[in-house]
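Worth saying up front: this structure is predicted, and the values here are computed from it rather than measured. Labels below follow one simple rule: chain letters A, B, ... track the order of the sequence lines, proteins then strands, and each chain is numbered from 1.
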There are 4 protein chains.
Amino acid sequence: MAGINKVILVGNLGKDPEVRHLEGGASVAHFTLATNEYYKDKQGNRVERTEWHNIAAWRGLAEMAEKFLKKGQQVYVEGKIRTRQYQDKDNQTRYITEIIADEITMLGGRPNAGNGQNAAATNSTEAEAPQTFRQEPELDQLPF
Amino acid sequence: MAGINKVILVGNLGKDPEVRHLEGGASVAHFTLATNEYYKDKQGNRVERTEWHNIAAWRGLAEMAEKFLKKGQQVYVEGKIRTRQYQDKDNQTRYITEIIADEITMLGGRPNAGNGQNAAATNSTEAEAPQTFRQEPELDQLPF
Amino acid sequence: MAGINKVILVGNLGKDPEVRHLEGGASVAHFTLATNEYYKDKQGNRVERTEWHNIAAWRGLAEMAEKFLKKGQQVYVEGKIRTRQYQDKDNQTRYITEIIADEITMLGGRPNAGNGQNAAATNSTEAEAPQTFRQEPELDQLPF
Amino acid sequence: MAGINKVILVGNLGKDPEVRHLEGGASVAHFTLATNEYYKDKQGNRVERTEWHNIAAWRGLAEMAEKFLKKGQQVYVEGKIRTRQYQDKDNQTRYITEIIADEITMLGGRPNAGNGQNAAATNSTEAEAPQTFRQEPELDQLPF
DNA sequence: TTTT
DNA sequence: TTTT
């Protein structure tokens, strides 16, 4: 039975995306995304809680992330949850949960310039009109 | 800046919910949820991929899960991602990612009876009309 | 500023999809989808409320809808809201709101056979493995 | 069978919310929300398309909308679709589709001041920390 | 460990 | 006009 595995996030990048180019031609960008929530605790104090998400963007989305996304920027990310296992240095099985992005939309104003090495969206012509980027679905379904 | 952290799943329970009653009166139900996806690989073979999610339902939702949900049942789960850390037996820091449920809706037909210890929804009067259960938001924001 | 316009529905088809083939080669399927909710009124009586949605599925999704979807079937539909205007017979401007589907996933058990004219999913080989269908995004963005 | 009827929007208010106080004590805020999308047409020209949504926020959310939301502001709105009918001046049955908001989160920077009559979030202490507002669910289920 |  |  087919199911649904969908994640919708609005948050701020914790760092510039890091892109790796794999053998075989595929590329993948990784970045962290902070989603903040605020609530009042039992004493009535305002509390901020930040959840950090590991985002992975593949192929076309990786290139877009590399070109247009920067630390601090507010984005909408839609994707799915994937938990993979790996062996740590002590040969123990470990798990990491990531969000595989299907769509990224830039929100809010200009990103803060920072000293990132990414082509700053700040002075890019294309960046002047905020954009949505989507993964091509046929590629989305290749195993990785 | 407040963000959005939303997960939407449709899948099948991998086991009956397990409920713990905490000191202080709160209760929490845990279960796993499988979301299946299907795609064709490069050779054109149909491949099934199952993602397993750890679901946590607190307080009122825990009681509902205990009463109405059973292994195998198809449900819609809406919630948020939460990664927490703990120390494993070797005193290493480990991370586990869970979905904190805000809303659970029972889908599809009757669950298979199984030999679970849960009050089977199959012969429960209330279960005859499939239902949606929501977390009370004020409680949802208590720290845990 | 790019925005987000996303709809997520789980409901039952009110009728078999009706497909039109437009000049130019595109095709579009229309069907209605019922989403039910239940609540208790002030007197404590259980009330059912049904919302009816107009779903439009274009091109590849239209063909899938025609082949696999039938009246009564439970489906997950993801898409976006679109309101368009038209002139009624008295030349008055009227509005109709539709959901343009991006993805349709078949849920639950077999559809009831009915006497629909659609190729019943019931005895179709492909239907034995429940499936997800997605719109190709590049086509999704053609104006219509 | 319970279903799902969920809408997720990120867009900008087309006008300040208008609040009505009903007999019986309930209040409701209405505003329009624009969600923009951009795509390239067949000639490769960049096209902007704006969809306008009618948002209704009840009770507690209405008060929050009145206090904190202003024309132009970027918000995340989560809710459900509701189509209701009414009789127009010629006694014809007409339909209007609205989004009944369950949750509103303020995004982006400060709203533009405008000349609205709403208590501007601009110089409100509470507004300095962007916030999320949710409908109380038990009230959410009262018929209206 | 689920489902078809 | 659906479903349980």
Run the side chain to side chain contact (heavy atoms under 4.5 Å, CB included) test against T105(B) and tell me which residues pass, sequence neighbours left out.
Y76(B), E103(B), L107(B), T132(B), A2(D), I4(D)
To the nearest 0.5 angstrom, please state how far the CG atom of L61(D) sits from the CZ atom of R134(D).
10.5 Å
Going by the rule side chain to side chain donor-acceptor pair (under 3.5 Å), which residues pair with E51(C) if we only count those two or more places apart in sequence or in a different chain?
R49(C)
As a test of reading the structure: which of [options] is closest to the side chain of [X], going by heavy atoms?
X: N12(C); options: dT3(F), dT4(E), dT1(F); result: dT3(F)
X: Y38(C); options: dT2(F), dT3(F), dT3(E); result: dT3(F)
X: M1(D); options: dT3(E), dT1(E), dT4(F); result: dT4(F)

Test your reading of the model: is there a side-chain donor-acceptor pair from D102(A) to the backbone of E78(A), 3.5 Å cut-off?
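No.
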If only atom types and distance count, is the side chain of Q73(C) paired as donor or acceptor with the main-chain N or O of M106(C) below 3.5 Å?
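Absent.
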[X] [atom1] - [N] [atom2] separation (whole Å):
X: E18(C); N: dT2(F); atom1: CD; atom2: P; result: 15 Å
X: L107(B); N: dT4(F); atom1: CG; atom2: C1'; result: 12 Å
X: Q131(C); N: dT3(E); atom1: CD; atom2: P; result: 20 Å
X: E51(C); N: dT3(F); atom1: CD; atom2: C1'; result: 16 Å
X: Y95(A); N: dT1(E); atom1: OH; atom2: P; result: 13 Å
X: E37(B); N: dT2(E); atom1: CD; atom2: C1'; result: 15 Å
X: R49(B); N: dT3(E); atom1: CZ; atom2: C1'; result: 16 Å
X: Q73(C); N: dT4(E); atom1: CD; atom2: C1'; result: 13 Å

If you take atom types as modelled and just measure distance, does the side chain of N36(B) reach the base of dT4(E) with a donor-acceptor pair under 3.5 Å?
no
Name the nucleic acid region contacted by T50(C), choosing base, sugar-phosphate or nothing; use a 4.0 angstrom heavy-atom cut-off, strictly under.
base
Is W52(C) stacked on the base of dT1(F) when the test is centres under 5.5 angstrom and planes under 30 degrees?
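The base of dT1(F) is stacked with W52(C) (centres under 5.5 Å, planes under 30°).
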